[in-house]
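Have a look at the structure below, then the notes.
Basis for what follows: all heavy atoms, side chains included, without hydrogens, waters or symmetry-related copies. Throughout, protein chains are lettered first and strands after them, A, B, ... in sequence-line order, and every chain is numbered starting at 1.
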2 protein chains.
Amino acid sequence: MGKILRINTKQRQFVFEAVPESLQGLGGRALTSKMILDEVPATCHPLGESNKLVLAPGLLSGTPAANSGRLSVGGKSPLTGGIKESNSGGLISQKLARLGITALVLEDKPEDDNYYMIVIKKDSVALLPADEYVGMGNYEIMEKLWAKYGKNTGIMSIGQAGEQRLKAASMQQADPKGRPGRAVGRGGLGAVMGSKKIKAIVVDDKGCGRIPQADPEAFKAANKAWVKILREHPVTGQGLPGLGTAVLVNVINEAGALPTKNFRTGRFEHAQDISGEKMVENMEARGGIVSEGCHPGCVIKCSQVYHGKDGKQLTSGFEYETLWAFGAHTMVKDLDDIAMMDRLCDDYGLDTIDTGVALGVAMDGGLLEWGDGKACIELIHEVAKGTGNGKILGNGAAFTGDALGVDRIPVVKRQALPAYDPRSVKGVGVTYATTPMGADHTAGYGVTANILGVGGTVDPLKKEGQVELSKNLQVATAAIDAAGLCLFVAFAVLDNDNGVQLIVDMLNAHYGLDLTPDDVVALGISILENENEFNLRAGFTKKDDQLPEMFDKEFAPHNTTWDFTEEELQVAKIF
Amino acid sequence: MGKILRINTKQRQFVFEAVPESLQGLGGRALTSKMILDEVPATCHPLGESNKLVLAPGLLSGTPAANSGRLSVGGKSPLTGGIKESNSGGLISQKLARLGITALVLEDKPEDDNYYMIVIKKDSVALLPADEYVGMGNYEIMEKLWAKYGKNTGIMSIGQAGEQRLKAASMQQADPKGRPGRAVGRGGLGAVMGSKKIKAIVVDDKGCGRIPQADPEAFKAANKAWVKILREHPVTGQGLPGLGTAVLVNVINEAGALPTKNFRTGRFEHAQDISGEKMVENMEARGGIVSEGCHPGCVIKCSQVYHGKDGKQLTSGFEYETLWAFGAHTMVKDLDDIAMMDRLCDDYGLDTIDTGVALGVAMDGGLLEWGDGKACIELIHEVAKGTGNGKILGNGAAFTGDALGVDRIPVVKRQALPAYDPRSVKGVGVTYATTPMGADHTAGYGVTANILGVGGTVDPLKKEGQVELSKNLQVATAAIDAAGLCLFVAFAVLDNDNGVQLIVDMLNAHYGLDLTPDDVVALGISILENENEFNLRAGFTKKDDQLPEMFDKEFAPHNTTWDFTEEELQVAKIF
């Protein structure tokens, strides 16, 4: 049986406790959201002593199930003021699971300014002074911690942004090569970690064996079939391993839904320059890695390592969202500038979406020129320096717009919109508006049926069917996040009648349960219920489930507008 | 009959229209709040084209009624996101009334960056290019405009803060001597004016006669009795003319409710150094004016002109709230530093309360040292310079706390708390929590019965009777704001059985009506209904009607806490 490791950051003490009845059978997002709902007063200040940071491996993390290594992190978000779950790849999820730790909970808040780090091993938990790492970026601290604790240890750390408790601050997790390329990016959870004065978490599962399974043979069989459907689906088997998520630049541009110049139009004339195809072309010339996984056991391998002109690594995990945010959104067309911005965000610990969107908003506010990548890079450096403009940018898009008196701020619940214009991919627009997370494509990726022809077909430009699509995807996504599975498995699951059953089979074989697909759906629903309940207690209303008025304007090339009523959108919500 | 002057700031055109049936009989806050509710979509961006700025004289403005020269300004607040009415003294209210203008409405928003000014005369309205005044502070622009348009013209202008559309930006109104000492301070309405690219409004009523009255003799008699009760009450007849509102420094400190060091304790050891008594002592040594009115017809004359060590005017309208915000709150004890900060806020166009509270919050965030007045002055200068830190400060206390990752932010609805700790003056605390305006002492000044023994006695440290007190005061205040009367008349009205009747008599004699005191109460109630309805549409809930958790902690010297439940507080609200 697992246990919960609670660390009081004020007393600098820890305690293991048994998983209470109320939390049994939960993992990943199901566990973080339930604990935050139960334990954190919804109206508390996100950076105050009452907030908590919960790290939870998924239900399948630590097993050999393919693509099950996502770690969920939950808390009250400094960005949105609501509940937040953000998850990432890396090594920690599987290691925590093997250590038998169902959740790691950071509580309270120190009164002094000293930083600590947490080192978790098979037989020990230590809180160690970490002042020597303060002011350090994630690249450097991860290198030092791998040097000290051995390669292949799981590392989570915050950069200068998290130390400053900025609202766009991420927690960065080391990937299997020790690079800070995996981000718990959205919602400013790095600021919560910073408020608790924890600079890094080191997780070492040396000495832990495999987790005993109820029915190893059944598990093996299910996992084999699972791997097969992932490998056979065109998106997870070919598209993502080939160009990574960057494959979407040309796809979404072609669809006329690539938000350009702060969501003014849906096509970027220089889309080709920032595309996955261009990225791979550069890799072929300069070296790099076209396809690798973000955690052991990944069979999709959509991540890559991108080199600069000098043939040295510039960044890793170079996602479509990042290419868009620093590219089309800001009119920057130099892929190397964009890669540098991605690297700096990994290093300083910033969400690339909110930071990129903030840069575009800052251009609308006159702080930068459209398309000036070098100026963007300089401004991101300001974040690490802690200047006034750095604090403005590092607090994200909504904050930057407010600072500069801009009225064109593409956010929902103060979280920046990702890389699909909601007027021309209405299915994902419904998710932006209604997910308890704030604008988040990963909370219900309506791009599937709207654009990619996965899981059916729904016209992206029309309202019909979008609310139902988003609602179903939000439920499915919550369940996937609870399992610790990579969201991209959804492509295969949506197109395969046996997909959900295989996940259920793995859960049953691992835990010795008799779950049905309906139970998994019920789990997804319960997660959303808990999250919406928290937000309700925090003061959110249906007024918060809408896009800003800038989306009432027509959007080229399809001349679409955002035309959902409050009432229509409420149908996508689960209370 | 009056008319409404609408100015489209995008088309740069104006139109006069008759007051429609639905707005007849309304003035001041009653009119601004009704028009904002009816005409502004509650979820719009406050700096966008859909917001409006409504300037309305009170119902008694333009008449000889003593203390009737307050001008109400309404709009959706960039600071709170809710409805806002803020009013000030000066010359405009009476002049607009004499010009027969019931409301001046600024609509839409230019697409270019050119600034204009509005010049209203008896027979003309002009929109004139104002680029020559851009970047100018209020002292300079008012001097230039009086030189150009003649002394005694009414001037409203924005400084550098309003141009930058900062959330703490005020609109400053020239006082009777042409100084920018009167502020439409709270809620960032200066940013709305800036968003509409209007740098200044000039109002000249030359050639207008007295406004005809239905019963001049009855009016004269009522006003005579009105002046008498104002002159005879100890607060309006002696306290306020003697030391101005600064009389409160020692009073509130003695009561243990002077929030010190960002609301950590209720007594400031250097209170005497920043008191009204000290101010007058300096005036006696250096020159200055101890008592003057903020508008013609004032018989209370609580304003003053404060000189520096060099014997020259440093600032005017040096209020208790300002002394506290830049003094006890930040631990600054040098009265001349505080006066300089007040001057800079008048000049750059900043609300002194939100700016002062922001400085204290910035001290908690490590940006400044406690008590360092010179550093505060430098930081306020940054606002005019438009630097990152300037933009942070100029966006107010909530924004500054967010920028710096501080969890100790004394705001309600993102507006900074004024100078009375809500734990030890609970009556005003209920107002902070529940007024639609965001934390605002002037919306229901429970200090009266809690501390000053005016209008009865309610123990400031106990909950009993506070909700009812605040509710009644909120209603009465709304009615006073509708009449265009100075809030301070309430001291006399609360202690005089004939007070409300005299206001009713003046209204009846002026307009030829048959109002009763009940009608005035009903007017106050309807104002609050309209304002709360707007906020409801904007997404506010009872979660927004509470103080932040920092007030749960015990407060010395009385060891009080903020202990009202959500439900208890809702009783103070009128929907």
Side-chain angles (χ1 to χ4, degrees), chain A residues 41-51 78-79 109 113 161-167 169 188 191-192 194-195 365-367 379 382 386-395 399-409 536-546 548-550 552 566, chain B residues 41-51 78-79 109 113 161-167 169 188 191-192 194-195 365-367 379 382 386-395 399-409 536-546 548-550 552 566:
Chain A
T43 55
C44 76
H45 195 290
L47 303 178
E49 62 192 25
S50 304
N51 200 7
L79 184 73
K109 174 179 166 164
D113 285 331
E163 289 180 24
Q164 293 175 65
R165 304 174 300 282
L166 304 178
K167 291 174 192 294
V192 180
S195 76
L367 193 63
L379 189 54
E382 299 281 307
T387 66
N389 281 333
K391 286 185 189 295
I392 289 170
L393 184 75
N395 273 301
F399 196 87
T400 298
D402 280 357
L404 302 176
V406 174
D407 66 345
R408 188 179 179 83
I409 311 180
L536 199 66
R537 293 182 193 173
F540 283 76
T541 71
K542 63 183 178 180
K543 303 288 177 187
D544 299 297
D545 299 328
Q546 186 45 291
E549 61 183 337
M550 61 184 272
D552 298 347
E566 272 178 19
Chain B
T43 55
C44 77
H45 195 290
L47 303 178
E49 61 193 25
S50 305
N51 199 7
L79 183 75
K109 174 179 168 166
D113 284 332
E163 289 181 21
Q164 293 175 64
R165 304 173 299 281
L166 304 178
K167 291 175 193 293
V192 180
S195 76
L367 192 63
L379 189 53
E382 298 282 307
T387 65
N389 281 333
K391 286 183 188 295
I392 289 170
L393 183 76
N395 273 301
F399 195 87
T400 298
D402 281 357
L404 303 175
V406 174
D407 67 346
R408 187 179 179 80
I409 311 180
L536 198 68
R537 292 183 193 171
F540 283 76
T541 71
K542 63 183 179 181
K543 303 289 178 187
D544 299 297
D545 298 329
Q546 189 40 294
E549 60 183 340
M550 62 183 272
D552 299 346
E566 271 177 20

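At a 4.5 Å heavy-atom cutoff, the contact between A:Leu536 and chain B is made by backbone atoms alone. Neither the backbone nor the side chain of A:Lys542 has a heavy atom closer than 4.5 Å to any heavy atom of chain B. With a 4.5 Å cut-off on non-hydrogen atoms, A:Ala169 does not touch chain B at all. Looking at A:Leu404, both its backbone and its side chain come within 4.5 Å of chain B, counting heavy atoms on both sides. Residue A:Asp552: no heavy atom, backbone or side chain, is found under 4.5 Å from chain B. At a 4.5 Å heavy-atom cutoff, B:Ser195 makes no contact with chain A through either its backbone or its side chain. Contacts between A:Ala191 and chain B at a heavy-atom distance below 4.5 Å are absent for every atom of the residue. Residue B:Glu49 touches chain A through both its backbone and its side chain, counting heavy-atom pairs closer than 4.5 Å.
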side-chain contact (heavy atoms from CB on, under 4.5 Å) assessment of A:Gln546 paired with B:Thr43: CA-CA 10 Å; A:Gln546 186 45 291; B:Thr43 55; over 6 Å; no

CA sep, side-chain torsions, deciding dist, call: B:Arg165, A:Asp407, salt bridge (charged side-chain N to carboxylate O under 4.0 Å, His left out): CA-CA 10 Å; B:Arg165 304 173 299 281; A:Asp407 66 345; over 6 Å; no

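To the nearest 0.5 Å, the span separating OG1 on B:Thr541 from CG on A:Asp544 amounts to 9.0 Å. Note that the NZ atom of A:Lys543 and the CZ atom of B:Arg537 stand 8.0 Å from one another [nearest 0.5 Å]. Interatomic distance, CG of B:Asp402 versus CG of A:Asp402, reported as 9.5 Å (0.5 Å rounding). Remark: B:Ile409 CD1 to A:His45 NE2 distance equals 4.0 Å, nearest 0.5 Å.
Among the candidates A:Gly388, A:Gly365, A:Pro548, A:Pro78, the residue making the largest number of heavy-atom pairs closer than 4.5 Å to chain B is A:Gly388.
Summarising the geometry of A:Ser50 relative to B:Glu549, their closest heavy-atom pair is OG-OE1, 3.5 Å, with the distance given to 0.1 Å.
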